[in-house]
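Given the structure is predicted, the values throughout are model-derived calculations rather than measurements.
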Amino acid sequence: MNRLEMDKVKEILRLNGLGFSYREIAASTGCGKPAVGETVRRAGMAGIKEADGLTAAELQARLFPERPAKCADDKEPDMPYLLAELSRKHVTRQLLWEEYKLQHPDGLMYSQFCNRIRAALKANEIDYHKIHKAGEEREVDWCGSAVPYFDKGRAQWLKAAVFVAVLPASAYPFARAYPDQKTASWIDAHISAFRFFSGVPRILVPDCTRTAVTESDLFDPVVSRGYAEMAAYYGATIIPARPGKPKDKGYVENTVGNVSRRIIASLRDERFTGIEEINARIAERLEALIDRPFQKMEGSRRSAFARIDKPALRPLPRAPYEPADFATCKVGINCHAAYEGFFYSVPFEYRGQECIVRATHKTIEALVSGERVCAHRRHFTGNRYVTAPEHLPEHHKAVSDWNDERLISWAGRYGGNTTAYVKALLESCEYSVQAYRACMGVLREAKGQEAGLVEAASGMALESGQLSSRYFRLALRQKAKDASGCGDARIVEHANIRGACAFDRCGQNA
């Protein structure tokens, strides 16, 4: 009872001593009649007639004495052991209580056993909405604070973002700096964290950052394709925290604070010239944080990791995941898919269909309806077309609408120059289908133009030896300009014309 209730108890006892009935006392104090009777009964058992000489605490202690503990000190549960065991997979309070009762048959019952555990959790300030199982989760986030550094190549000051990951069961942290928070950095940070922990947890818990979640939703968030593929490679699943619910990943929020205070703040007076320098210093400070003893528990993060999380983590795959970029495009009439200025062949039966290009540093893969249909070695320089002969139709001719004969036939409508130019385009590539895009560009530019103008532009392009739809467009514009007479420079003669003296000192003296 609180202070106000003790005042009511005193008033009940005073009125009872004056001879008032329970009904009258209840009406006067605002209490129920049963409460009045219970108070008088407890006072009689405690030997209290008048409460004027007792304080509220003394009165409460006599009326409502605490029950003495039912077990001796040697039968009290070992709290550090129990808290550590609860972090292990499939270990429950019921199981621990049953083991405790085997050692102490006359010890605490289950409800009191659980009360002891709740009190210990609250005392150690590790009261979560759930118990984190060993090796089950890894929470990840970016630090709100950045580390400044001077980039010599750009000759300017930049800020490095710091990625943080933590295994909640043992509070074992990881931190690494990156030049930005883009998808490539996000994926590489996870790969580095897997390597640092020397194992794989079952669940990754990010927030709703754009690099992790493309569509944020309370019930059904959409994880980005590259992030989901990386997690699948390591055999982990992604469960994003709910929007605006930081307690869903409370441990990494706490770790971000520790990294900001213990690591980033300690580097505030140092000057860096690159990300590698920053990461070298972060690694040193991170080791010190890992070895720092817990304040209210025995051991450190390193010892807790070795005891709890490390044995439960699954092994790493033989080779690390190779980050990939995804792009959606349409397979062109030339049986090629475009990615960053290069064109990679796709089996001709997929012409006109939408495909997803999966690009790593070494390979390019084309996926149609979720199935991989081809793969190429990625090119960064050299020939823009990468073609596998088996991807092309027989004799390099399309079996449906577009083929060499149709393009040449179309060019013949305008004249010999246009026909020769289209033939030159088709012959300029190792496989004629590689030039279909350029021929289509010429077709588009010539559409609606006079045949003579198209012929003149084709002749100009042939003389120059420039075989591309872009040059043909420039030639066509030039010929159209010449035909309209806009290119003739005519001198207008009139009396108000200044001569050379107007721009010399003699003009100033005139």
So NZ of K247 and CZ of R242: to nearest 0.5 Å the spacing works out to 10.5 Å
Any idea how W186 and W142 line up, ring-wise: parallel (<30°), tilted (30 to 60°), or perpendicular (>60°)?
tilted
Indicate the ring-plane relationship of Y321 and Y233, choosing parallel, tilted or perpendicular according to the 30° and 60° boundaries.
tilted
Under the ring-ring contact (aromatic ring centres under 6.0 Å, His included) rule, collect the residues that match up with F150, sequence neighbours excluded.
W157
Determine whether more than 12 heavy atoms belonging to other residues, nucleotides or ligands lie under 6.0 Å from atom CZ of R314.
yes
Say you draw a straight line from OH of Y149 to CD of Q156; how long is it, rounded to the nearest 0.5 Å?
9.0 Å
Can we say R358 and E365 salt-bridge, meaning some charged N sits less than 4.0 Å from an Asp/Glu carboxylate O?
yes
May I ask you to say whether E277 pairs ionically with R281, meaning some side-chain N is under 4.0 Å from a carboxylate O?
no
Which value, rounded to the nearest 0.5 Å, describes the distance between E11 atom CD and T39 atom OG1?
12.0 Å
Over 12 non-hydrogen atoms of neighbours within 6.0 angstrom of CZ in R93:
yes
Check the angle between the aromatic planes of Y110 and W97 and answer parallel, tilted or perpendicular using the 30° and 60° thresholds.
perpendicular
Consider side chain to side chain contact (heavy atoms under 4.5 Å, CB included). Of V259, I263, I290, which one does R285 pass it with?
I263
Give the ring-plane orientation class for F305 versus Y172, where under 30° counts as parallel, over 60° as perpendicular and anything between as tilted.
parallel
Between S185 and Q181, is there a donor-acceptor pair closer than 3.5 Å when you use the side chain of the first and the backbone of the second?
no
If you compare all heavy atoms of V166 against all heavy atoms of A171, which two are closest, and at what distance to 0.1 Å?
CG2-C, 3.8 Å
Could I get the full list of salt bridge (charged side-chain N to carboxylate O under 4.0 Å, His left out) partners for D309, not counting sequence neighbours?
none
List in chain and number order the residues that pass salt bridge (charged side-chain N to carboxylate O under 4.0 Å, His left out) with R302, two or more places apart in sequence or in another chain; answer none if no residue qualifies.
E287, D291
Crowding at CZ, R41 (>12 non-hydrogen neighbours, <6.0 Å):
yes
Check whether R378 reaches the backbone of T360 with its side chain - one donor and one acceptor, N or O, closer than 3.5 Å.
yes
So, R384 side chain and G341 main chain: donor-acceptor pair closer than 3.5 Å or not?
yes
When rounded to the nearest 0.5 angstrom, what is the spacing between CD1 in I191 and CD in E322?
9.0 Å
Within 6.0 Å of CZ in R262, more than 12 heavy atoms from elsewhere
no
May I ask you to check if R138 and F194 form a cation-pi contact, with NZ or CZ under 6.0 angstrom from the six-membered ring centre and within 45° of the axis?
yes
Quick one: does S345's side chain have a donor or acceptor within less than 3.5 Å of a partner on A388's backbone?
yes
N/O donor-acceptor pair under 3.5 Å between E270 side chain and L267 backbone:
no
Please name the pair of heavy atoms, one in K249 and one in D141, separated by the smallest distance, quoted to 0.1 Å.
NZ-OD2, 3.1 Å
Assess whether a salt bridge exists between R225 and E229, defined as any Lys/Arg side-chain N lying under 4.0 Å from an Asp/Glu carboxylate O.
no
Value rounded to 0.5 Å, distance of CE in M230 from OH in Y227:
5.0 Å
Minimum-distance pair of heavy atoms, taken over all atoms of I282 and A175
CG2-O, 3.7 Å
Taking every non-hydrogen atom, the tightest pair across P347 and V373:
CG-O, 3.9 Å
For the side chain of T29 and the backbone of I25, is there at least one donor-acceptor N/O pair under 3.5 Å apart?
yes
Does any N or O in the side chain of R116 come within less than 3.5 Å of the main-chain N or O of L108, such that one atom is a donor and the other an acceptor?
no
Work out which heavy atom in S111 is nearest to a heavy atom in R118; give both atom names and the distance.
O-NH2, 4.4 Å
Quick one: does N279's side chain have a donor or acceptor within less than 3.5 Å of a partner on A177's backbone?
yes
Pairing donors with acceptors under 3.5 angstrom, does anything connect the side chains of E99 and Q103?
no
Check: E24 side chain, F20 main-chain N or O, donor-acceptor pair, under 3.5 Å
no
Under the 6.0 Å and 45° cation-pi test, does R176 pair with Y178?
yes
Determine whether the aromatic ring centres of residues F380 and H361 are separated by less than 6.0 angstrom.
yes
Is atom NZ of K101 surrounded by more than 12 heavy atoms (other residues, nucleotides or ligands) closer than 6.0 Å?
yes
What orientation do H376 and Y344 show, parallel under 30°, tilted 30 to 60°, or perpendicular over 60°?
tilted
Out of curiosity, D207 CG to E139 CD, how far, rounded to the nearest 0.5 Å?
10.5 Å
Exceeds 12 heavy-atom contacts within 6.0 angstrom, atom CD of E390:
yes
